[in-house]
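These notes concern the structure reproduced below.
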Number of protein chains: 2
Amino acid sequence: MLKLTKKADYGLIALRHLASIPTATASTKEIADTYHLPVPLLAKVLQRLTQTKILISVAGTNGGYRLARDASKISALEVVRAIDGPVILTHCFTDHGSCDQSDNCTVREPLRRVHEAILDVLNRFTIDDLAEPVAQPRASKLTPLPTPLHQVINSLQPVSN
Amino acid sequence: MLKLTKKADYGLIALRHLASIPTATASTKEIADTYHLPVPLLAKVLQRLTQTKILISVAGTNGGYRLARDASKISALEVVRAIDGPVILTHCFTDHGSCDQSDNCTVREPLRRVHEAILDVLNRFTIDDLAEPVAQPRASKLTPLPTPLHQVINSLQPVSN
DNA sequence: AGATACCGGACAGATTTAGTCCTGTATCGA
DNA sequence: TCGATACAGGACTAAATCTGTCCGGTATCT
């Protein structure tokens, strides 16, 4: 759980590809072949990205897709939403407003903050970031509950959905 | 996509409940009744939390569950992992090491960082935070791509899985 | 004992995701 | 103008996952 769908993966891979190649344009088949992705599925993903104004499609021979704007202006959040629909951490948010009839779902507000923090991470991450891996190795020690998250979360820019 | 399962929700609700009540102990039925949750399902969740040393179970009449340690020492990440299994942002990480045979899955490393940032958010968030909602209204304007995430992510504590 | 309550596996239904198929339309180039 | 290329998009199937139920079993308190 709490994972991206393969479609979202494929979308990010494709966008990164388009952001990296000199021609800036590639067809579904080209991209699918390069990364060994199922063509029809990738096609659908790219169509969706086109509908949501992230890609521009060019029909006909030598056609394909290209980014609708600069890679630094396309956030991972936008991509994920376009492909998978709205991001939902807890069911409370969407369903019928409140959990069951009782509004003693006391965790809702606190979870909203976690939710927003995660959205913020995705919102800040752009296709540009994907295209240029920093690739510096990092220490890998699990630090349990390091610093209070309150301030961290409170300082974040609100992001809906 | 990118959402918690209901089980994880239930677990968090139950833990928050236990952290809030004076007796510090409650049975499955009590909790389920309070929040209108399906008893057998919640039971399974609580069992899992017991297996993973987050809860302590007390059998017999007037038995139930209580937190195995202070609420401030139980992170949301730990809970989610206990209930839903490892958190996986991209399939690349887990599957067969590399996507397909080709290692041109160029997005893997960058996505790992997003992944870690999200884990970090969950890791810092504790049951304690759940129990004390700050409940201050916040401005809600979507700020697209505010600040470069590079430094933000680089400054985070590494968390595996 | 007997009632309460946890333990844990097996199982069924619903939902979501992954992937395929097929028909249609637009564009380029010969 | 014809034909190949490539996008558009709906319908459909299969697999995986999630949700929820049912059951017999064990521990503990009164």
Side-chain angles (χ1 to χ4, degrees), chain A residues 1-11 13-14 18 23 25-33 35-66 68 80 82-88 90-91 94-95 99-100, chain B residues 1-11 14 18 23 25-33 36-66 68 80 82-88 90-91 94-95 99-100:
Chain A
M1 248 299 106
L2 203 68
K3 66 176 190 296
L4 295 177
T5 61
K6 287 196 179 179
K7 285 197 235 177
D9 270 358
Y10 297 164
I13 290 172
L18 291 172
T23 61
T25 302
S27 70
T28 305
K29 191 170 184 314
E30 283 171 14
I31 300 174
D33 285 352
Y35 303 99
H36 310 290
L37 310 178
V39 178
L41 188 52
L42 177 63
K44 199 153 302 181
V45 170
L46 297 181
Q47 282 170 32
R48 197 145 196 86
L49 292 176
T50 304
Q51 289 169 356
T52 51
K53 313 285 189 197
I54 293 172
L55 287 180
I56 291 176
S57 67
V58 181
T61 315
N62 295 325
Y65 294 94
R66 67 171 203 274
V80 170
I83 297 174
D84 288 341
V87 176
I88 296 159
T90 316
H91 305 75
T94 41
D95 286 9
C99 317
D100 244 29
Chain B
M1 246 301 106
L2 202 69
K3 66 174 190 295
L4 296 177
T5 61
K6 287 195 178 180
K7 285 198 237 175
D9 270 358
Y10 296 164
L18 291 172
T23 61
T25 301
S27 70
T28 304
K29 191 170 183 314
E30 282 169 15
I31 301 175
D33 286 351
H36 309 290
L37 310 178
V39 177
L41 188 52
L42 177 63
K44 199 154 301 184
V45 169
L46 297 181
Q47 282 170 32
R48 197 144 197 87
L49 292 176
T50 304
Q51 288 169 359
T52 50
K53 314 284 190 199
I54 293 172
L55 287 180
I56 290 176
S57 66
V58 181
T61 316
N62 296 327
Y65 293 94
R66 66 171 201 273
V80 170
I83 297 174
D84 288 340
V87 175
I88 296 159
T90 316
H91 305 76
T94 39
D95 288 7
C99 318
D100 244 27

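Convention: sequence-line order gives letters A, B, ...; per-chain numbering from 1. Just so it is clear, the values below take in all heavy atoms, side chains as well, and ignore hydrogens, waters and symmetry mates. Remember, it's a predicted structure, so these values are computed and weren't measured experimentally.
Residues passing the salt bridge (charged side-chain N to carboxylate O under 4.0 Å, His left out) test with A:Lys53: none are found, sequence neighbours excluded.
Here the closest non-hydrogen pair linking B:Ser27 and B:Gly63 is CB-O, 4.2 Å. Heavy-atom minimum distance, B:Ala82 versus B:Leu49: CB-CD2, 4.1 Å. The two atoms that bring A:Ile83 and A:Gly11 nearest to each other are CD1-CA, 3.8 Å, heavy atoms only. The shortest non-hydrogen separation linking B:Tyr65 to B:Leu18 is O-CD2, 3.4 Å.
Atoms CD and CD, from B:Gln51 and B:Gln47 in turn, are 7.0 Å apart once rounded to the nearest 0.5 Å.
Checked against B:Ile31 for a side-chain contact (heavy atoms from CB on, under 4.5 Å), the options B:Val39, B:Val45, B:Leu42 give a single hit: B:Leu42. The side-chain contact (heavy atoms from CB on, under 4.5 Å) test with A:Arg66 is passed by exactly one of A:Thr23, A:Val58, A:Leu55: A:Val58.
At a non-hydrogen distance threshold of 4.0 Å, A:Pro38, A:Pro40, A:Leu41, A:Lys44 from residues 38-51 of chain A come into contact with DNA chain C. Remark: A:Ser57, A:Val58, A:Gly60, A:Thr61 in residues 52-61 of chain A come within less than 4.0 Å of DNA chain D through at least one heavy atom.
At whole-Å resolution of the value, NZ in A:Lys6 and P in D:dA15 are 14 Å apart. Distance CG (A:Leu2) to C1' (D:dT17): 15 Å, rounded to an integer number of Å. Atom CD of B:Glu30 and atom P of C:dA5 are 7 Å apart (whole Å). As rounded to whole Å, 10 Å separates atom P of D:dC18 from atom CD1 of B:Ile88. One atom, CD1 of A:Ile83, and another, C1' of C:dT16, lie 16 Å apart when rounded to the nearest Å. For the pair B:Arg66 CZ and D:dT28 P, the computed distance is 13 Å after rounding to whole Å.
When the nucleotides D:dT19, C:dG29, C:dC7 are ranked by their closest atom to the side chain of A:Asn62, C:dG29 comes out on top.
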Q) Which is it for A:Leu2 and B:Asp84 under the side chain to side chain contact (heavy atoms under 4.5 Å, CB included) test, yes or no, and what are the steps along the way? A) CA-CA 9 Å; A:Leu2 203 68; B:Asp84 288 340; over 6 Å; no
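Within 4.0 Å (heavy atoms only), B:Lys7 reaches at least one base atom of the nucleic acid.
Judged by closest nucleotide on DNA chain D, A:Ser27 is the one of A:Lys3 and A:Ser27 placed further toward the 5' end.
Proximity of A:Tyr65 to the phosphate of D:dA8: a side-chain N or O atom is located under 4.0 Å from OP1 or OP2. Neither OP1 nor OP2 of C:dA18 sits under 4.0 Å from any side-chain N or O of A:Tyr10.
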